[in-house]
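In the text below, chain A, chain B and the rest are named by the order of the sequence lines, each starting its count at 1.
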Protein chains: 2
Amino acid sequence: MAGHGARGRSGGRPTLEEVAARAGVGRGTVSRVINGSPRVSDTTRAAVEAAVAELGYVPNTAARALAANRTDAIALVVPEPETRFFAEPYFSDMLRGVGAELSETEMQLLLIFAGSDRERQRLAQYLAAHRVDGVLLVSVHADDPLPDLLSQLEIPAVISGPRSEAETLPSVDSDNYGGGRSAVEHLLSRGRTLIAHITGRLDVYGAQRRVDGYRDALRDAGHEVRESLVEQGDFTEEGGRRAMTELLARHPDLDAVFAGSDVMAAGARQVLREVGRRIPEDVALVGYDDSAIARHMDPPLTSVRQPIEEMGRRMLDLLLTEIADRRPAVSRGLERRRVVLATELEVRASS
Amino acid sequence: MAGHGARGRSGGRPTLEEVAARAGVGRGTVSRVINGSPRVSDTTRAAVEAAVAELGYVPNTAARALAANRTDAIALVVPEPETRFFAEPYFSDMLRGVGAELSETEMQLLLIFAGSDRERQRLAQYLAAHRVDGVLLVSVHADDPLPDLLSQLEIPAVISGPRSEAETLPSVDSDNYGGGRSAVEHLLSRGRTLIAHITGRLDVYGAQRRVDGYRDALRDAGHEVRESLVEQGDFTEEGGRRAMTELLARHPDLDAVFAGSDVMAAGARQVLREVGRRIPEDVALVGYDDSAIARHMDPPLTSVRQPIEEMGRRMLDLLLTEIADRRPAVSRGLERRRVVLATELEVRASS
DNA sequence: AGGTACTGTGGGAGCGCTCCCACAAGTGAT
DNA sequence: ATCACTTGTGGGAGCGCTCCCACAGTACCT
């Protein structure tokens with residue numbers, strides 16, 4: 001900036017006070033205009049808005065946060081190491097949904113990873129300092145202490161993927177049960193008869209529900225449900241390999257595999273190929289998540305798609321509502337605070 | 001609000017003042033202890049620390065930010081739609097590096113996407129409000145106005161991938177030139193003679209440098225450099241397909257392709273397969289980034305790996321330094337503010 | 001003894017907002 | 001004319017911290 005000269009004692013960014021002086025009104029009035037209060041006359045409002053524009057006034061967030069005791073920020077907390085967060089497109093899609101919805105507001109999104117103990121420590125500090133107005137929790141395991149910490153600190157939170165059927169936090173989830181069912185029903189309709197399942201980590205509620213869907217689909221179709229056809233994985237490629245190896249050892253004659261995630265399906269595919277099984281001729285393969293991996297696999301992988309972006313959007317909705325009625329909150333029923341969205345099966349060459 | 005009445009002035013979180021009273025010292029002394037000033041006696045320090053622990057005191061960030069005029073937060077700004085950000089592991093690895101380095105400090109990381117105009121608008125507001133102490137810029141195109149905005153607002157910033165050789169911002173980059181060279185030298189050493197190149201967007205400096213490496217490697221090996229062997233892509237799969245189609249039309253006899261990214265290599269692979277070319281027998285393929293796609297491709301893709309996590313770490317280092325010497329800053333030479341890290345070729349079955 | 005320099009400490013003065021009370025002015029009933 | 005609202009407005013009192021000045025105490029010179 002050329003020659004600032006007098007400029008009062010400031011030199012920095014304009015303050016509310018300066019805008020008020022410029023517009024010839026009081027501080028309170030400017031504040032009202034900035035915050036969209038209706039109790040301002042049209043003439044005054046116009047004058048203030050002009051002054052704001054002329055001065056290029058931007059509210060000081062820190063001062064506002066201090067005075068109003070809110071931060072206008074929410075955190076997306078991911079209790080996993082960064083690696084896994086990005087390995088699965090799940091999170092990025094969700095982030096997109098949240099971001100889209102968030103851009104309608106003045107709120108800011110923080111991304112916080114809490115994989116290591118060190119990071120969790122920092123997170124606890126962070127939350128204790130009330131640096132966010134609310135928290136979006138993603139991919140939380142059944143025994144995670146985080147939700148309790150949150151409610152203890154009275155910080156509004158929404159969880160994606162309830163920890164159990166008894167989840168107390170508002171939650172958004174996809175229909176894992178229905179997703180599991182649809183995968184199996186699809187394989188049955190293709191004439192497969194010996195269908196194995198590689199599960200995700202069973203301390204993830206959604207993974208359990210997929211198993212339930214698998215079982216019920218078989219049962220409802222009049223098939224016997226054999227536990228030896230179910231092998232636990234852990235959402236990793238290596239876990240998928242291990243589980244597939246086990247399953248083949250127990251059932252060399254299996255003709256289909258439903259994996260609880262695309263990444264595990266990729267591991268399974270490797271093993272199947274190593275032992276000379278063709279996909280889909282010998283063994284049909286179905287994954288879950290419909291990630292980039294599914295599309296790039298050879299052959300392309302049939303997979304269950306979740307409306308993850310939509311889930312992100314709904315989570316944010318729920319959270320903003322929580323924040324808005326930040327009061328005893330004992331009243332409202334839980335019905336509306338629990339959203340479940342339908343999945344869709346993307347059929348490709350692997351099945 | 002239900003009858004607030006007396007309000008006792010406590011009820012909430014403890015303040016500096018309360019800690020001071022508890023420890024029997026003044027406010028200033030507590031502040032000094034909290035901020036690690038050396039000018040406090042050991043006895044006093046211990047007393048204050050005890051009081052802090054007993055009360056569970058956590059500093060109020062908003063108050064601190066207001067008084068000290070800093071935010072203890074930095075932003076990672078990604079001027080791309082979220083989609084691309086996650087499609088390439090580039091960003092997630094970088095994020096990991098930044099995160100690792102950041103956990104050594106008290107700073108907070110914000111992730112900000114500025115793909116759409118709307119988002120850029122919001123970002124400008126955000127920066128104008130000085131809500132962060134510094135900015136990490138990732139993947140910026142040559143004509144992006146963001147860096148100028150940043151320097152105009154006098155916000156410290158570090159860029160990954162300088163916009164040109166004349167980059168004014170401190171920067172961290174991998175050796176794109178060397179990476180391009182190594183890919184081509186590798187293909188030459190495998191006996192390939194007609195090597196094509198699918199470039200990235202040429203308004204990305206790094207993509208240009210890869211082309212330079214490609215050209216120089218051929219030239220130094222005594223090969224003629226034919227411009228018809230270079231086709232521009234745009235880092236997308238579709239772009240890779242298009243470029244590959246062009247190249248095959250011009251040079252049906254080419255025996256190797258160096259793609260400027262794994263994603264483009266994936267697109268190229270599809271086209272090669274469609275026209276019946278075998279990889280690597282007929283055409284050798286090399287990508288760039290060494291992403292998950294490269295490992296899962298069929299056949300697995302040879303690719304140039306950048307030390308991205310390390311880059312993230314170095315960027316943060318640089319930024320923290322910038323923030324620390326937040327003064328005229330005209331003095332320091334530019335040498336140390338420019339970091340270039342070596343790449344490595346990961347050889348797989350595609351070449 | 002007086003000076004000069006530290007070290008350690010207390011507390012006033014803000015930082016830029018929001019909240020809320022006070023109050024002027026207008027409106028309409030009595 | 002009085003009273004009772006309503007609408008719009010100004011500005012004091014903080015929010016919880018950092019910064020910095022003042023000052024007591026101690027140490028080491030002259």
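For Tyr57(A) and dG16(C), the OH to P distance is 10 Å, given to the nearest whole Å. What separates CZ of Arg131(A) from C1' of dC15(D) is a distance of 17 Å, to the nearest Å. If you measure from atom CG of Leu66(B) to atom C1' of dG16(D), you get 9 Å, rounded to the nearest angstrom. Rounded to whole Å, the distance from NE2 on His130(B) to P on dC17(C) is 13 Å. In this structure, CD of Glu17(B) is placed 10 Å from P of dG12(C), rounded to the nearest angstrom. Rounded to a whole Å, the CG atom of Asp72(A) is 12 Å from the C1' atom of dC17(C). The interatomic distance linking Leu16(A) (CG) with dG12(D) (C1') rounds to 15 Å, in whole Å. Counting to the nearest Å, the P atom of dC15(D) and the CD atom of Glu18(B) are 10 Å from each other.
When atom types are taken as modelled, the side chain of Glu167(B) and the backbone of Arg163(B) share a donor-acceptor pair closer than 3.5 angstrom. Put simply, the side chain of Thr29(A) never gets that close to the backbone of Val25(A): no donor and acceptor are under 3.5 Å apart. Judged purely by atom type and a 3.5 angstrom limit, Thr321(B) uses its side chain to pair as donor or acceptor with the backbone of Asp317(B). Counting only distance, with no hydrogens or angles, the side chain of Asp133(B) and the backbone of Thr71(B) share a donor-acceptor pair below 3.5 Å.
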Practice item. Carefully, step by step, assess Leu320(A) and Thr105(A) under the rule side chain to side chain contact (heavy atoms under 4.5 Å, CB included). Key: CA-CA 10 Å; Leu320(A) 293 181; Thr105(A) 74; 3.9 Å; yes
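Using a cutoff of 4.0 Å between basic side-chain nitrogens and carboxylate oxygens, Arg337(B) and Glu322(B) are scored as salt-bridged. Under the 4.0 Å criterion applied to side-chain N and carboxylate O atoms, Arg120(A) and Asp144(A) are assigned as salt-bridge partners. Remark: Arg22(A) does not engage Glu18(A) in a salt bridge, criterion side-chain N to carboxylate O under 4.0 Å. Between Arg122(B) and Glu119(B) there is no salt bridge, since no side-chain nitrogen of the basic residue lies less than 4.0 Å from a carboxylate oxygen of the acidic one.
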List every contact pair, protein side and nucleotides 26-28 of chain D side both N or O, where the distance is under 3.5 Å.
none

Check your understanding: For nucleotides 4-11 of chain C, read 5' to 3', which letter fits each nucleotide if B means a protein heavy atom sits under 4.0 Å from the base, S means only the sugar-phosphate is that close, and - means neither?
Key -> ---SSBBB
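Proximity of Asn35(B) to the phosphate of dT18(D): a side-chain N or O atom is located under 4.0 Å from OP1 or OP2.
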